[in-house]
Amino acid sequence: MKFLLLGLCLLFAIFFEVGIIQLPFLLIAIVIICIITKSEWIFWVSIASGIILDSLSFRIIGESSVFFVLLLGLIFLYQKRFEIKTIQFVFISTTIGSFLYLLLVGAQSILLQSLVSGILGVFIFWIVVRRTPDRSIRN
Amino acid sequence: MRQKYIIFSFILSLIIAISVLLLSQRGFNKFLNTVIQTIFFPAEQFVFERIHPVTTLTFQKSDINQQNTNLLKQLTKLKAIQADNNAFKDQFATTSIPPNTLLPARIVAAPLFIPGVNFPNAYILDKGSLDGVEVGNAVVYKDIAVGIVTKLEKHFSKVTLIDANSSSFTAKTSESSALGVIHGQGNGEMVLDNVLLSDHLILGDAVVTAGSQSITGNGYPPGIMVGKIMSVEHNASALFQKARVESLLQFDRLNMVFIIRASK
C-alpha cells in the first residue's frame with residue numbers, strides 16, 4: 001500500500017512536470033523520499049521514473065536517470081557524515097539539484113525555478129514529516 | 001553491511017542508467033518509447049486536461065471563438081435579412097406598380113464591374129425562367145428604373161442596366177413632358193436625345209419612362225423614374241436638343257432589385 005501510494009505520487013510528479021508546470025517535481029520527490037527513507041531501492045525507483053519522464057518529455061532516455069542516480073549517490077555520501085533529515089539540507093539539495101538538472105535539460109529561468117523548487121521541496125518535506133507516524137522522521 | 005549494499009546498488013544502478021542512456025543515444029529507444037508513451041500518455045493527457053488551468057482556458061477560448069464565429073455568421077444572415085426587409089418595405093411603400101407583379105431578386109454578380117474603376121452595366125439576378133421571369137421584363141428599385149432582362153436561364157437572369165451603351169428607350173421629363181429617347185452612355189451616364197427644340201428642358205427636372213411595354217406587359221411601364229437632368233445641350237441649328245441625365249441610383253451599391261413580371 002505504501003509503495004503503491006509512493007508510485008502514484010511519483011507518477012503524478014512526472015505528469016505535473018511533463019504537462020502542467022515546468023518544475024522538477026520528480027527530482028524533488030525523489031530527493032525527499034531518499035532523505036526520509038534512506039533506502040537503497042530509491043536508486044531503482046529513480047532509474048524507472050527517470051526513464052518514464054524522459055520518454056514522456058521526448059528527451060534522450062536515460063539522462064534523467066543518470067542524473068538522479070548521481071544525485072542520490074551524493075546524498076548518501078553526505079549522510080554518512082552528517083544528518084540529512086533537516087530542512088536546511090532539503091532546501092540546499094533540492095535547489096542545487098534542480099539547478100544542475102535544469103541546466104542539463106536546457107530549461108529557461110533556471111535560477112528562479114531552482115529557488116521555487118527548493119522552497120517547494122522544504123514545504124513538501126515539512127508536510128510529510130509532520131504527517132508521518134514514523135518517529136525516526138520526526139526527530 | 002547496509003552501507004556496502006547501498007554502494008552496490010548505487011554502482012549497479014549507475015551502470016544500468018548509463019547503459020540505457022548509451023543505448024538510447026544509439027537509437028535503441030524506439031521500442032521503449034513506444035511502450036512507455038502508449039501506457040502513460042493517456043493518463044498524462046487525463047491529468048493535463050483536468051488540472052491544467054491554461055488548457056481549460058484554451059478549451060474555453062476555443063469554444064468561445066467557435067461560438068463567436070457562429071454568432072457572426074448568424075449576425076451576417078440577420079443583417080442580410082434586415083436589408084432585404086428594408087428593401088421590401090421601401091419598395092412596397094413607394095411603388096406605384098402593382099405589388100403582385102413585382103418579383104424580388106438578389107443581385108448575385110455584376111459582370112465586368114471593377115469597383116473604383118468602372119460602373120456596372122449589367123447584373124446577374126438569382127431569378128430565372130422557373131420563377132416566371134421573361135426576357136424584356138423591366139427591373140426597378142423603389143420606382144426607379146434599373147434595367148431590362150436581356151438574357152435568361154432557368155435560375156438566373158441577366159439585366160442590362162439603363163446606363164449601358166446598348167440601353168435605349170423612350171422617356172419624358174416630368175415637368176415639361178418633353179419626350180425623347182434615353183441612350184445609355186456607360187459608366188452611369190445617360191443622354192436624353194431626340195427632344196424637339198420646341199420642348200423645354202429644365203435643369204434638375206426628373207426624367208421618367210414614357211412607357212414602352214408590349215402587349216404582353218414586357219418593357220418599362222410609364223412613370224418609372226429614370227434620373228434627373230444634369231445639363232442641357234440646346235443648339236438652335238440642330239434638329240433636336242439633348243440633355244445629360246444621371247440616375248438616382250448608385251448601381252454599384254444595390255443588393256436587391258425587383259423584376260416587374262408581365263401580367264398573365
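Hydrogens, waters and symmetry mates are skipped; everything else that's a heavy atom, side chains included, is used. Sequence lines set the chain letters: A, B, ... in the order given, protein chains first and strands last, and positions in each chain run from 1.
Here B/L23 contributes atom CG and A/I60 contributes atom CD1; the two are 13.0 Å apart, rounded to the nearest 0.5 Å. In this structure, A/I75 CD1 and B/F10 CZ are separated by 11.0 Å, a value rounded to the nearest 0.5 Å. With rounding to the nearest 0.5 Å, the separation of CD in A/E63 from CD in B/Q25 is 8.0 Å.
Your options are A/L72, A/I42, A/I51, and the one with the most heavy-atom pairs under 4.5 Å with chain B is A/I51. Highest contact tally toward chain A, considering only B/I11, B/V20, B/V35, is held by B/V20 [criterion: heavy-atom pairs under 4.5 Å].
The number of heavy-atom neighbours closer than 6.0 Å to NZ of A/K38, taken from other residues, nucleotides and ligands shown, is above 12. Atom CH2 of A/W126 has 12 or fewer neighbouring heavy atoms from other residues, nucleotides or ligands inside a 6.0 Å radius.
With respect to B/F40, the side-chain contact (heavy atoms from CB on, under 4.5 Å) criterion is satisfied by exactly one of A/L11, A/L53, A/I14: A/L11.
There is no contact between A/E17 and chain B, counting heavy-atom distances below 4.5 Å. Both the backbone and the side chain of A/I52 come within less than 4.5 Å of a heavy atom of chain B. Both the backbone and the side chain of B/L12 come within contact range of chain A, with heavy atoms under 4.5 Å apart.
Contact between A/V69 and B/A17 at its shortest, heavy atoms only, is CG2-CB, 4.5 Å. Contact detail for A/V66 and B/I18: the closest heavy-atom pair is CG2-N, 3.7 Å. Residues A/G62 and B/L21 come closest through the heavy atom pair C-CD1, 3.7 Å.
Within the 4.5 Å cutoff, side-chain heavy atoms of A/F43 are placed close to those of B/I6.
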